[in-house]
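Take a look at the structure set out below.
First the proteins, then the strands, lettered A, B, ... as listed; each starts at 1. The basis for the numbers below is simple: all heavy atoms, side chains too, and nothing from hydrogens, waters or symmetry mates.
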Protein chains: 2
Amino acid sequence: MQKKAAARTPRITIRDVASDAGVSVAAVSKVLRDAYGVSEALRAKVQASMDKLNYRPLASARGLRGRTYTLGLVFPDLRNPFFADIFAGVNAALERTRYQAMQGISTSASALVEAMIDRQMDGLILVGPNENNERLNDIAKRTPLVVIGHHDIDGAKFDAVNNDDQLGARLAVRHLCQNGHSKIAMLSLSAPVSTVINQRELGYRLEMTEQGLGGAINILRAPQVLRDVQLTIRKLLESKDKPDAIFCWTDLMAFEAISVATELGLSIPDDLAVVGYDNTIFCDFSQNRLTSIDQSGEVLGLQATRLLIERIDGRMQPDHFVVTPRVVARASSARND
Amino acid sequence: MQKKAAARTPRITIRDVASDAGVSVAAVSKVLRDAYGVSEALRAKVQASMDKLNYRPLASARGLRGRTYTLGLVFPDLRNPFFADIFAGVNAALERTRYQAMQGISTSASALVEAMIDRQMDGLILVGPNENNERLNDIAKRTPLVVIGHHDIDGAKFDAVNNDDQLGARLAVRHLCQNGHSKIAMLSLSAPVSTVINQRELGYRLEMTEQGLGGAINILRAPQVLRDVQLTIRKLLESKDKPDAIFCWTDLMAFEAISVATELGLSIPDDLAVVGYDNTIFCDFSQNRLTSIDQSGEVLGLQATRLLIERIDGRMQPDHFVVTPRVVARASSARND
DNA sequence: GGAGAAATGTAGAACGCTACACGTAGAACA
DNA sequence: TGTTCTACGTGTAGCGTTCTACATTTCTCC
C-alpha cells in the first residue's frame with residue numbers, strides 16, 4: 001500500500017522532554033516560559049534534556065493557548081528597496097528575542113491582515129497602509145498594531161511611527177532654494193491617496209510660500225505605473241513653464257525623472273535639479289548621484305518593533321514616534337548659478 | 001483591578017457556526033474541507049452561517065491536526081529588487097487558492113528555516129540558499145521543499161527551479177563578442193560560494209574558450225559589501241589590461257561598475273561595455289540602459305510554487321524545472337566598431 | 001418487501017502546548 | 001506544638017480544529 005505523504009521524522013514534543021528529564025509536562029512548560037516556581041536544579045535538568053533531544057516548541061500549539069512569538073509585517077510592495085531598510089530595522093530589534101518576523105505583500109492590506117490574524121500573529125506592523133482610521137482601529141481591537149507611515153492619528157487606538165514628512169518636504173524645497181533654484185515642481189502620487197502624500201504636499205506648499213515662491217507652486221500627480229510616470233514627467237519637461245527643479249515623492253520616481261530628462265537631452269543638475277525621498281542605496285551611484293531626503297527606514301522599523309512588543313506586553317495607551325528627516329545632498333541638486 | 005491585556009473581540013469559532021446552523025461541529029469541518037459526504041442542503045446552510053458570522057478558521061488550530069495553508073519563503077536579502085519578482089510570481093500562483101505566502105529574510109537560512117518549521121509552514125521555498133545538499137535533504141525530510149537557484153541536485157530529495165545560469169553566462173559573452181568586444185572580464189562573487197555562481201563562471205569560461213578568447217579569461221571576485229566591490233572594479237579599470245567589456249553576476253554589481261567607470265571618466269559603452277544579470281526594473285532607466293540577462297523571476301516563483309503545492313499534495317519523486325534565460329540588449333553593450 | 005449498499009450526519013479522541021488549581025514539604029513564626 | 005507561609009512540582013482541562021469510527025437514513029435492485 002502506497003503511503004499518501006512522506007513518512008516525515010516525527011517531532012519531539014514537550015512530553016518527550018518531560019519523560020526524558022523525568023519530570024512532568026507542566027514543569028517543562030514552566031521552564032519554557034520562565035514561569036515562577038522553578039528550582040535551579042529542575043531548570044538545569046530540563047534544559048539538558050531539551051538540548052539533548054533538540055526540542056523546539058511548536059508555535060501552533062502555543063498559539064492555541066498563548067503566543068506564537070511571530071510578528072507580521074505588511075508591505076504595500078517590494079520593488080522599492082526602501083522597504084528592505086525597514087525590514088532590516090525590524091530584524092535588528094528582534095535579535096536575541098524569541099520573536100520572529102514574517103512578511104507579506106499586498107496593496108490591499110485588508111485580506112493580508114486577515115490572513116495574518118488567522119495565523120495568530122502576536123502583533124502586526126503595517127507599512128504605508130491605505131486604510132482609514134476606522135478600519136485601523138477595528139484591526140487594533142483584534143490584535144496589537146503599529147502603523148508606519150500614517151499621519152492621521154486622532155483617536156487612534158494603535159501606535160504610529162512616522163517620518164516627519166511635512167518637514168522632509170520643506171527641507172527638500174529649502175535645499176533647492178539655497179542652491180539657487182526657484183521654479184520647483186513637485187511630482188506626487190495620484191492613485192492611493194495617503195496621509196504621507198498629503199503631508200509632503202503640504203510641506204512643499206508651505207515652504208514654497210514661505211520662500212516667496214507661492215506663484216511657482218506646481219504639483220503633478222501620477223499613478224505608480226511606470227508608463228504614466230514617464231508621460232507625466234515628459235509633459236512637464238516639454239511644457240512652456242518647464243521647472244528648473246523637481247522634488248519627487250520617492251527615489252524611484254526621481255530616477256524616472258532623471259531618465260526622462262536625460263533622454264530629452266537635459267543635463268542634471270544644470271538644466272534640471274532633482275531631489276528624491278528615501279535615500280535608498282541607488283542614490284549613491286554616480287549615474288544617479290541623487291540628492292534625497294533620508295527618513296532612515298531602519299530606525300522606523302526598529303522603533304515600530306519596540307512599540308509593538310511593548311503593546312503585546314500589555315501597554316494600552318497609544319504611542320507615537322517621530323523620526324526627523326534630513327537632506328543628503330548629492331550632485332543632482334548641486335548649486336546652479 | 002487592572003486588566004493585563006486588552007479585552008479583544010473574541011473570535012468566532014467553528015462551534016459558533018455549528019450552533020448557528022444547527023448542525024454538528026464535524027459537519028462544519030466537512031464543509032470547510034470539501035470532504036466527502038456533504039449534502040447540498042447542508043453545505044448551503046453551513047455556508048450561510050459562516051458568511052453571516054464572518055467566520056474564519058484559525059490556522060494554528062488547523063495546523064495542530066492538518067495544514068496551516070501557509071507557505072514560507074526564505075530570501076537571502078531584500079535589497080535586490082529581483083527578489084520582488086519572485087515574490088510576485090509566488091503570489092500570482094497562489095491567487096484563488098487558500099494558501100498564503102509568508103516571507104522571512106536571512107543570509108543564514110538555517111535559523112529561519114527552523115523558525116518556519118516551528119510555525120507549521122506547509123512547505124518551504126528557499127531562494128539561493130548557501131546550504132549543501134545534505135542539509136537541504138535533511139530539511140526536505142521534515143517538510144516539503146523547493147529550492148530556487150541551486151544546481152547541485154544529485155540525489156536531491158527536494159524540488160529545484162533554476163535558471164540555466166551556465167547558458168545565461170554564455171549568452172552574455174556571446175552577445176558581447178557579437179558586438180565587437182573581446183577583452184571581456186567577469187565580475188563574480190567571492191564570499192558565499194554558490195552553485196549559481198559556479199555555473200555562471202563555468203559558462204563564462206566555456207564560451208570565452210569557444211569564442212577563441214581563452215587567453216582573455218579574467219574573473220574577479222568581490223564580496224557583497226559595496227566598498228569592496230567598488231575597490232575591485234576600480235582596480236580592474238585602472239590596470240594595464242583594462243577590459244573593454246565586463247559581465248557582472250548581478251545588475252546591482254553592474255550598476256556599481258557603471259558608477260565607477262563614470263567616475264573614472266570612461267564612457268559606456270564606448271570605453272567599457274557592461275552586461276548584468278536579472279534584468280531588474282532599474283535596467284530600463286536611461287542613466288543605466290543596462291543590457292542584462294533576463295531569468296524571469298516571476299516564472300521562477302510561479303513554477304516553484306506549483307511544484308511545492310504538488311509536493312504538499314503528496315508527490316514523492318523530485319522534480320526539476322529550468323527556465324531558459326535570454327539577453328535583453330540595451331545601450332550599455334551597444335556595438336563598438 | 002427486504003437485503004445490501006451508498007449517502008449523510010454525529011461523537012469524540014486526538015494534536016502540543018499553556019495555565020489554573022492544587023498538593024506537598026520545609027521554614028518561619030507564635 | 002501547631003499554624004501559616006512560601007517555594008516548588010504536578011494533574012488536568014481546555015484552546016479550535018481535523019478525522020476516524022460509527023449510527024442513521026435513503027437508495028437500489030431483485
Query raised in the report: After noting the C-alpha distance and the side-chain angles of B:Arg62 and B:Tyr69, does the key distance pass the side chain to side chain contact (heavy atoms under 4.5 Å, CB included) rule?
Result: CA-CA 9 Å; B:Arg62 297 185 122 175; B:Tyr69 296 100; 3.4 Å; yes
To the nearest Å, give me how far apart [atom1] ([X]) and [atom2] ([N]) are.
{"X": "A:Ile117", "N": "D:dG16", "atom1": "CD1", "atom2": "C1'", "answer": "17 Å"}
{"X": "B:Asp122", "N": "D:dT18", "atom1": "CG", "atom2": "C1'", "answer": "14 Å"}
{"X": "A:Leu64", "N": "C:dA14", "atom1": "CG", "atom2": "P", "answer": "17 Å"}
{"X": "B:Ile12", "N": "D:dT17", "atom1": "CD1", "atom2": "P", "answer": "10 Å"}
{"X": "B:Leu32", "N": "D:dT18", "atom1": "CG", "atom2": "C1'", "answer": "10 Å"}

Query raised in the report: Hey, does the side chain of B:Arg33 come within less than 4.0 Å of D:dC19's phosphate (OP1/OP2), counting only N and O?
Result: yes
Query raised in the report: OP1 or OP2 of C:dA7 sitting under 4.0 Å from any side-chain N/O of B:Tyr36?
Result: yes
Query raised in the report: How far does the helix from C:dG1-D:dC30 to C:dA30-D:dT1 bend, going by the axes of its first and last five pairs, to the nearest 10°?
Result: 40°
Requested in this report: Have a look at B:Arg15 and say if it touches a base, only the backbone sugar-phosphate, or nothing, with a 4.0 Å heavy-atom cut-off.
Outcome: base
Requested in this report: Answer yes or no: side-chain N or O of B:Arg65 and base N or O of D:dT17 forming a donor-acceptor pair under 3.5 Å.
Outcome: no
Query raised in the report: Hey, what's the ring geometry for B:Phe75 with B:Phe87, parallel, tilted or perpendicular (30° and 60° as the breaks)?
Result: parallel
So [Y] and [X], do their side chains get closer than 4.5 Å, heavy atoms only?
{"X": "A:Leu58", "Y": "B:Asp118", "answer": "no"}
{"X": "B:Leu73", "Y": "B:Val90", "answer": "yes"}
{"X": "A:Tyr55", "Y": "A:Leu32", "answer": "yes"}

Report summary line: Numerically ordered, the residues 20-31 of chain B set in heavy-atom contact under 4.0 Å with DNA chain D is B:Val25, B:Ala26, B:Ser29
Query - Residues touching DNA chain D, which here means a heavy atom under 4.0 Å, drawn from residues 38-63 of chain A - result: A:Val38, A:Ser39, A:Leu42
For [X] and [Y], does a side-chain donor sit closer than 3.5 Å to a side-chain acceptor?
{"X": "B:Asp159", "Y": "B:His320", "result": "no"}
{"X": "B:Tyr99", "Y": "B:Arg67", "result": "yes"}
{"X": "B:Thr70", "Y": "B:Arg119", "result": "no"}
{"X": "A:Ser29", "Y": "A:Arg33", "result": "yes"}

Report task. Count the heavy atoms of every other residue, nucleotide or ligand shown that sit under 6.0 Å from NZ of B:Lys157, and state whether that count exceeds 12. Result -> no
Query raised in the report: Is there a donor-acceptor contact under 3.5 Å from the side chain of B:Asn162 to the main chain of B:His150?
Result: yes
